[in-house]
Amino acid sequence: MSELIARLRDGLSADAVLTDPDVTASYARDMADFCEAGTPAAVVLPGTAEEVQHVMRTATALRVPVVPQGARTGLSGAANASDGCIVLCLARMNRILEIDPVDRVAVVEPGVVNATLSREVNEVGLHYPPDPSSWEECTIGGNIGTAAGGLCCVKYGVTAEYVLGLDVVLADGRLMSTGRRTAKGVAGYDLTRLFVGSEGTLGVVVRAVLALKPRPPRQLALAAEFSSAAAAGDAVCRIMESGHVPSLMELMDRTTLRAVNDLTSMGLPDSTEALLLVAFDTPEPGEDLAAVGELCKAAGASEVVPAETQAESEMLLQARRSVHYAMEALAGTTLIDDVCVPRSKLAEMLEGTAAVGEKYGLTVGVCAHAGDGNTHPTVCFDPDDEDETRRAREAFDAIMALGLELGGTITGEHGVGVLKREWLARELGPVGLEMQRSIKEVFDPLGLLNPGKLF
């Protein structure tokens, strides 16, 4: 231990290496419940790519595992420490290095907060679309590591579609650049995409070139109330089949609405079984909302309420962004699933999830990025009740199994981390798992980068 700390401090600023157990314990885990976390030997806060290289060379020389971290807002345990590891927190590398309105790219360090980047590029008439619900806290590096999604994915896609190039420090300390900053480019294997979603198991991202879009008009939303989540799912299918391209389409069930109302006092209609939020950022959003409102009524909506102002639209979006915190306040402990299914199977997924909750006698609230079929069932339980905890885990697994049965995936945007390791193997199959492990070995032959995650 003393040799490790001495070597780390030899190439880092005095305040960049933390060893106080009370301090390092605060870096031990992300926001995922039900995921084990170890005790780190040290937490390192590098300020430059060269300092990250020093950390990785030291770790390789002494065979010490390294766990890269962003803001620790993840929901799968991917940033959780392992015993005796170096936690490599990249929060201090938070500079926006360049915003180019001609090439429409931003060049950033991994510790830049998503919302900070979004606001900065808006100032020059551009737009960085990926917007996870934790966008006020989560970092670009973390978004890249987990291939994060967000509320706007139905129209604009996920993080992977905006990462053009990366600078990555490999396990042995070498610095590698991938990708490009041009609008087109197909030279060689797409290593950039390989790192997106790799959860810190292949290398440490220290710089990213991100694609930007022209800033769209501010979006206007409507809220549609339904007597069942399945009816709301039917409305989603009708909207997509009709050719509409909303900028946002989110669903909250009754349990979720009640929790949000308790936390925020927003006065949402918690007597309804499901609330569908649909927004457009087109030049004439009112016309789009009117057409979608009719489709919602045809699917059984009891009431459709278009927002009259941008402020009303923003209130609805803020309600959706607060779901995670609201469910935590309601239950104390939650298991948050992240199952994505084909849109055509959304209603079946919602009905099946409700059945799982009934079977296990647990409260299960559902919110969803409904436009892309990404559901977030949240299983509520008392961690001090051994039987209830067991049932919560079984319910969580049953929901993932249901998603796979419907042709979906165990994670649409949260990643695998610790929480879903065994389920990744089921989804990939033995050959797919073998190939993925082989890739990991090429980049990290000593198995030092984020051990115990994914596999």
Nearest atoms (heavy-atom pairs only) where L433 meets A425:
CD2-CB, 3.8 Å

What distance separates D83 CG from T39 OG1, expressed to the nearest 0.5 Å?
5.0 Å

Side-chain heavy-atom pair T73, D30 within 4.5 angstrom cut-off:
no

Please confirm whether F34 and F381 have ring centers closer than 6.0 angstrom.
yes

Could you tell me if N114 and D131 have a donor-acceptor pair between their side chains, going purely by distance under 3.5 Å?
no

I336, L419, T333 screened by side-chain contact (heavy atoms from CB on, under 4.5 Å) with D33, the one that passes
T333

Using only heavy-atom distances, determine whether the side chains of T411 and D338 contain a donor-acceptor pair under 3.5 Å.
yes

Take H376 and H324 through the ring-ring contact (aromatic ring centres under 6.0 Å, His included) test and state the conclusion after the steps.
CA-CA 10 Å; H376 295 310; H324 172 66; 9.9 Å; no

Minimum heavy-atom distance between A274 and A232, given as atom pair plus value:
CB-CB, 4.0 Å

Quick check with a 6.0 Å cut-off and a 45 degree axis cone: is R119 positioned over the face of W135's six-membered ring?
yes

Distance under 6.0 Å and angle within 45° of ring axis: R421 vs F455:
no

Apply the test ring-ring contact (aromatic ring centres under 6.0 Å, His included) to residues F443 and F195: give CA-CA distance (whole Å), side-chain angles for both, the deciding distance (0.1 Å), then the verdict.
CA-CA 11 Å; F443 283 91; F195 281 100; 5.4 Å; yes

With a 4.0 Å cut-off, would you call R215 and D281 a salt bridge?
no

State the CZ-CG distance between R104 and L164, to the nearest 0.5 angstrom.
13.0 Å

Does a side-chain N-to-carboxylate-O contact under 4.0 Å join E422 and R426?
yes

Can you tell me if R390 has over 12 outside heavy atoms packed within less than 6.0 Å of its CZ?
yes

Could you walk me through whether D387 and R391 satisfy the salt bridge (Lys or Arg N to Asp or Glu O under 4.0 Å) test, starting with their C-alpha distance in whole Å, then the side-chain angles of each, then the deciding distance to 0.1 Å, before giving a yes or no?
CA-CA 6 Å; D387 181 66; R391 285 185 282 123; 2.9 Å; yes

Can you see which heavy atom on D100 is nearest to which on L126, and at what distance?
O-CD1, 4.3 Å

For D372, is there an ion pair with K155 - N to carboxylate O distance below 4.0 angstrom?
no

Is the CD atom of E241 crowded by more than 12 outside heavy atoms at less than 6.0 Å?
no

Output yes when E250 and R320 qualify as a salt bridge under the 4.0 Å nitrogen-oxygen rule, no when they do not.
yes

Sole candidate of V366, L316, L276, L277 that passes side-chain contact (heavy atoms from CB on, under 4.5 Å) when paired with M252:
L277

Can E413 and T146 be said to form a side chain to side chain donor-acceptor pair (under 3.5 Å), step by step?
CA-CA 7 Å; E413 58 187 7; T146 59; over 6 Å; no

Work out which heavy atom in R29 is nearest to a heavy atom in A37; give both atom names and the distance.
NH1-CB, 3.5 Å

Atom of A148, atom of V158 and distance for their closest heavy-atom approach:
O-CB, 3.8 Å

Have a look at D167 and tell me which of R207, R181, R174 forms a salt bridge (charged side-chain N to carboxylate O under 4.0 Å, His left out) with it.
R207

Do other residues, nucleotides or ligands put more than 12 heavy atoms under 6.0 Å from the CZ atom of R393?
yes

